[in-house]
Participant: 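Right, I'll just put the structure down here and ask away after.
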Amino acid sequence: MAEQKANYTSDDIEILEGLEAVRRRPAMYIGGVDARGLHHLIWEIVDNSVDEHLAGECDRIDVTLHKDGLSISVQDNGRGIPVEKHSKTKTSTLEVVLTVLHAGGKFSNKNYARSGGLHGVGSSVVNALSKEMIATVHRDGHEYQQTYRRGKPQGPVEKIRPFRGRGTTIFFRPDDQIFRSTHFNADIIKQHLEDISFVHGGLRIVFHDEAKKEQHEFFHPEGITAYLQKVVKDDQRKQIHEQLFTIDKELGNHKLQLAMAWTESTDERVMSYVNGIRTHAGGTHEAGFRSGIVKAVKNYIEMHDIKLKGITLTAEDIREGLVAIVSIFLSEPMFQGQTKDKLNNPEMTSAVEGLVRPGVETWLSNNPSIADAVVGRIVLAARARQASREAATEVRRKTPGGRKTNLPGKLLDCRSNKPEDSELFIVEGLSAGGTAAMGRDSKTQAVLPLKGKVLNTESLATSKILGNQEIHDLVETLGTGIGPGFDMHKLRYHRIILLMDADSDGYHISTLLLAFFFRHLPQLIRGEKLYLALPPLYRIAVGQESHYARDDAHREEILATLPKNRNFEISRFKGLGEMTASQLKVTTLDPKTRILLRVDIESQLDADKTFNELLGKDASERYRIIMDEASQVDDLDI
């Protein structure tokens, strides 16, 4: 007889006081306790200062990474957080803002017509997750200050001295009891601040890196037009038309700023913002933009009676090679979660489409040479897609046993029927797959792009993992089967290479795939069929020469070898899809840029030992941490 469970009573209901809920479940507020979550603390405080700029009260923000690399100060010249006693709490308003969730001045439009920090959560969450925070306020002719430890005030707000200026300075040191590592990355901070300065033309942002004794000032009054030009240059894309398409219009309580261009690249890149906050997962404003572009081009083609012989255009054909920055400002944004990665306002789809569609139509009609180049580019994309589909339909690879099998449609197969000569690159996303396909040797190198969720197969049954489409496609592509029916003789590729981005997301995906091979296809590791590619994170240009670095340490090694009198330029790849095909071919598709996974998997895997053997001492810690995190969830949404 099963043991009777303990009674579930009112005593089992916990009430978390103050900021304790944040410390218990930090991922709910900042997305996680990894590097991304750590840096999100900075963005929350910076967003509050940016809101002062949007209110017309601030034109400069200073962000300081202190010498220890573990603490940050954010200073603005806005109005300063109020310090007088709050009418309801009878405590200082400054203390209320920094210690009470959902306390702030942005729930109505009285003080902020448009803002990003609209939930009243950001600064108090940063306080809760900081070992130490010091808030300094300049207003009403004085300087005020209050100190906190893990969200708790260490005393009342003090009036320090007379002061003529105004503004707010927040110093904080993240809590090492919460975060796995509390070391900030100067490059990540610098890049984010520069992006913000473009989106908010006229806002001056200064980044002080005390460790390197460097100061970087970002000021771009020309706004997102200059931003787009920088993105195109950094990505080494080639525009097919010189003149950019731009929009800068008010529509009721909304404002849309847009800059875009078509390029020769095979992937689409859209960067969207809401009230200056990057919406990485897009949302309704991006949907409106994409829909408006497609409808505008189709309307132009129909209006000018352009004949498309033997092809039918898709939305993907029209947007292939498109690079765009979409920035909207609105009074009541509805974000999906506190990290604000996605906008959910339903009215923004039609609002943005209503500006983009007629605007692009008019632009194409008024610039026939640009229109010809754009339509020609789109037609080429359609023909390439159609040819690729026809080739995929025709190709049925023969296994060593002579049996023909239908392969996943997204597989870009190689021409060779000899498994011993064939390689399979497993890549992250369709964009990276397109780049890899262009740079590969199509005779011997196949590419399988994975998209969406990568299933964490640790401790899952075979029947469960084969229900996941991406894993199912991978197993079908390999041809060996899985579990008791595994047959090494049916393997279609004798070299299987995991090729992911050289960033934290790429590490996550690599680790989850490694877990799959370790637990469910260990025969491929014993047979020395599995490899890990080493893509670059940085490109260092010295004149006509290019050097590629795998990570920060490798970058510093390369820089140390360069002559001190030579000028160089460093660019950071944000993903394989942003590399040119030639760059990927030289740096990653070559056999010299991969490592063979040789480990003893007969016994229970020891994480530290395994990843040391796989990647060397320096990289193993990153993978071990990621493996620890991955083992806590069933699905990891990358």
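If you read the sequence from its start, that first residue is 1, and numbering goes on from there. Small disclaimer: the values here were computed from a predicted structure and weren't measured.
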Participant: Can you find a side-chain donor-acceptor pair between Q239 and T263 that sits under 3.5 Å?
Facilitator: no
Participant: With heavy-atom distances below 4.5 Å as the criterion, would you say the side chains of Y227 and V199 are in contact?
Facilitator: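 When only atoms from C-beta onward are counted, V199 and Y227 do touch, with a gap below 4.5 Å.
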Participant: Regarding D552 and Y538, is there a side-chain donor-to-acceptor distance under 3.5 Å anywhere?
Facilitator: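 There is such a pair between these side chains.
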Participant: Quick check: do I378 and V297 have side-chain heavy atoms less than 4.5 Å from each other?
Facilitator: yes
Participant: Working to the nearest 0.5 Å, report the span between CG of L322 and CZ of R237.
Facilitator: 9.5 Å
Participant: Which of these, I318, I306, L364, sits in a side chain to side chain contact (heavy atoms under 4.5 Å, CB included) with I301?
Facilitator: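 Answer to the side chain to side chain contact (heavy atoms under 4.5 Å, CB included) test with I301 among I318, I306, L364: I306.
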Participant: Answer whether the closest heavy-atom distance between the side chains of L412 and F425 falls below 4.5 Å.
Facilitator: no
Participant: Would you check if L491 and L524 make a side-chain contact, meaning some heavy-atom pair closer than 4.5 Å?
Facilitator: yes
Participant: Looking at every non-hydrogen atom in both residues, tell me the closest pair between S510 and L532 and how far apart they are.
Facilitator: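 Nearest pair, atom of S510 first, then L532: OG-CD1, 4.2 Å.
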Participant: Could you report the tightest heavy-atom contact between G202 and F219, atom names first, then the distance?
Facilitator: O-CE1, 3.3 Å
Participant: Kindly compute the distance separating CD1 (I328) from CG (N275), expressed to the nearest 0.5 Å.
Facilitator: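 One gets 7.5 Å once the value is rounded to the nearest 0.5 Å.
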Participant: Regarding E302 and K298, does a basic nitrogen lie under 4.0 Å from an acidic carboxylate oxygen?
Facilitator: no
Participant: Would a 4.5 Å heavy-atom cut-off, applied to side chains only, mark T279 and Y273 as touching?
Facilitator: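 No. Closest side-chain heavy atoms not under 4.5 Å.
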Participant: Have T477 and R492 got a donor and an acceptor in their side chains that come within less than 3.5 Å?
Facilitator: no
Participant: Would you call V427 and L448 a side-chain contact if the rule is heavy atoms closer than 4.5 Å?
Facilitator: no
Participant: Could you tell me the separation between the CE atom of M500 and the OG1 atom of T588, rounded to the nearest 0.5 Å?
Facilitator: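 The distance works out to 12.5 Å.
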Participant: If only side-chain N and O atoms count, and only distance matters, is there a donor-acceptor pair under 3.5 Å linking S369 with D372?
Facilitator: no
Participant: Do the side chains of K295 and E361 get close enough for a salt bridge, i.e. N-O under 4.0 angstrom?
Facilitator: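 A salt bridge is absent here (no side-chain N lies under 4.0 Å from a carboxylate O).
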Participant: Do the side-chain N and O atoms of H494 and S422 include a donor-acceptor pair separated by under 3.5 angstrom?
Facilitator: no
Participant: Would you say the side-chain atoms of T444 and S416 include a donor-acceptor pair closer than 3.5 Å?
Facilitator: no
Participant: How far apart are the closest heavy atoms of H254 and A351, and which atoms are they?
Facilitator: CD2-CB, 4.5 Å
Participant: With a 4.5 Å heavy-atom cut-off, do L256 and V356 have their side chains touching?
Facilitator: yes
Participant: Rounded at 0.5 Å granularity, tell me how far OG1 in T580 sits from NZ in K238.
Facilitator: 13.5 Å
Participant: Check for a donor-acceptor pair, side chain of T362 on one end and backbone N or O of G359 on the other, with a separation under 3.5 Å.
Facilitator: no
Participant: Does NZ belonging to K585 count more than 12 external heavy atoms closer than 6.0 Å?
Facilitator: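 Result for NZ/K585: open.
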Participant: Does H39 use its side chain to pair, donor to acceptor, with the backbone of N185 at less than 3.5 Å?
Facilitator: yes
Participant: How far apart are the C-alpha atoms of I496 and F517, what are their side-chain angles, what is the distance that settles it, and do they pass the side chain to side chain contact (heavy atoms under 4.5 Å, CB included) test?
Facilitator: CA-CA 11 Å; I496 304 157; F517 281 103; 4.2 Å; yes
Participant: When you measure from the side chain of S327 to the backbone N and O of Q257, does any donor-acceptor pair fall under 3.5 Å?
Facilitator: no
Participant: Between R269 and D235, does any side-chain N to carboxylate O distance fall below 4.0 Å?
Facilitator: yes
Participant: Considering the options R440, K418, R594, which one meets the salt bridge (charged side-chain N to carboxylate O under 4.0 Å, His left out) requirement together with E423?
Facilitator: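 The single option meeting the salt bridge (charged side-chain N to carboxylate O under 4.0 Å, His left out) with E423 is R594.
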Participant: Check the orientation of W363 and H241. Use parallel for under 30°, tilted for 30 to 60°, and perpendicular for over 60°.
Facilitator: perpendicular
Participant: Classify the side-chain pair N468/E470 by whether it contains a donor and acceptor separated by less than 3.5 Å.
Facilitator: no
Participant: Check this for me: does any side-chain nitrogen of one of D341 and R36 sit under 4.0 Å from a carboxylate oxygen of the other?
Facilitator: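 A salt bridge is present here (some side-chain N lies under 4.0 Å from a carboxylate O).
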Participant: Can you name the closest pair of heavy atoms from L499 and L589 and give their distance?
Facilitator: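 Here L499 and L589 meet closest at CD2-CD2, 4.1 Å.
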Participant: Taking C-beta and beyond as the side chain, do I540 and Y548 meet within less than 4.5 Å on heavy atoms?
Facilitator: no
Participant: Mind listing the closest non-hydrogen atom pair of T587 and T593 along with its distance?
Facilitator: O-CG2, 2.9 Å
Participant: To the nearest 0.5 Å, what is the distance between OG on S365 and CD1 on I370?
Facilitator: 12.0 Å
Participant: Strictly distance-based, threshold 3.5 Å: is any side-chain N or O of S197 a donor or acceptor partner for the main-chain N or O of H220?
Facilitator: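 Side chain of S197 to backbone of H220, a donor-acceptor pair under 3.5 Å: no, none is there.
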Participant: Walk me through whether E268 and R290 qualify under salt bridge (charged side-chain N to carboxylate O under 4.0 Å, His left out).
Facilitator: CA-CA 11 Å; E268 167 196 1; R290 288 189 163 94; 2.8 Å; yes
Participant: Would you say the side-chain atoms of N345 pair up with the backbone N or O of M348, donor to acceptor, closer than 3.5 Å?
Facilitator: no
Participant: How many angstroms lie between atom CG of D501 and atom CD of E428, to the nearest 0.5 angstrom?
Facilitator: 4.0 Å
Participant: Could you walk me through whether V323 and M260 pass side chain to side chain contact (heavy atoms under 4.5 Å, CB included), step by step?
Facilitator: CA-CA 6 Å; V323 182; M260 71 171 199; over 6 Å; no
Participant: With the threshold set at 4.0 Å, does a side-chain nitrogen-carboxylate oxygen contact exist between K307 and D305?
Facilitator: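 Salt bridge flag = yes for D305 with K307.
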Participant: So, Q191 and D195: side-chain donor and acceptor under 3.5 Å apart, yes or no?
Facilitator: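 D195 and Q191 do have a side-chain donor-acceptor pair below 3.5 Å.
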Participant: Is the side chain of N299 donor-acceptor paired with the backbone N or O of A296 at a distance under 3.5 Å, no angle test?
Facilitator: no
Participant: Charged N to carboxylate O below 4.0 Å: is that the case for K190 and E194?
Facilitator: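 No salt bridge links K190 with E194.
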Participant: Carefully, step by step, assess F218 and I196 under the rule side chain to side chain contact (heavy atoms under 4.5 Å, CB included).
Facilitator: CA-CA 9 Å; F218 307 116; I196 292 175; over 6 Å; no
Participant: In terms of side-chain geometry, is the basic nitrogen of K342 or E286 positioned less than 4.0 Å from the acidic oxygen of its partner?
Facilitator: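 The answer is no: the pair does not qualify as a salt bridge.
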Participant: Are more than 12 heavy atoms from other residues, nucleotides or ligands located less than 6.0 Å from atom CD of E242?
Facilitator: no
Participant: Do the ring planes of H192 and W43 sit parallel (below 30°), tilted (30 to 60°) or perpendicular (above 60°)?
Facilitator: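 Parallel, since the angle between the ring planes stays under 30°.
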Participant: Assess whether side chain to side chain contact (heavy atoms under 4.5 Å, CB included) is satisfied between D248 and K255, documenting all intermediate values.
Facilitator: CA-CA 7 Å; D248 190 345; K255 180 180 181 180; 3.2 Å; yes
Participant: Does the salt bridge (charged side-chain N to carboxylate O under 4.0 Å, His left out) test come out yes or no for D234 and R539, once each step is laid out?
Facilitator: CA-CA 10 Å; D234 289 350; R539 174 179 175 266; over 6 Å; no
Participant: Begin from the C-alpha positions of H304 and Y300 and carry the test ring pair (Phe, Tyr, Trp, His ring centres under 6.0 Å) through to its verdict.
Facilitator: CA-CA 6 Å; H304 290 78; Y300 175 84; 4.0 Å; yes
Participant: Could you report the tightest heavy-atom contact between I224 and L258, atom names first, then the distance?
Facilitator: CD1-N, 3.4 Å
Participant: Just checking, is any N or O donor in the side chain of D413 or Y493 under 3.5 Å from an acceptor N or O on the other one?
Facilitator: yes
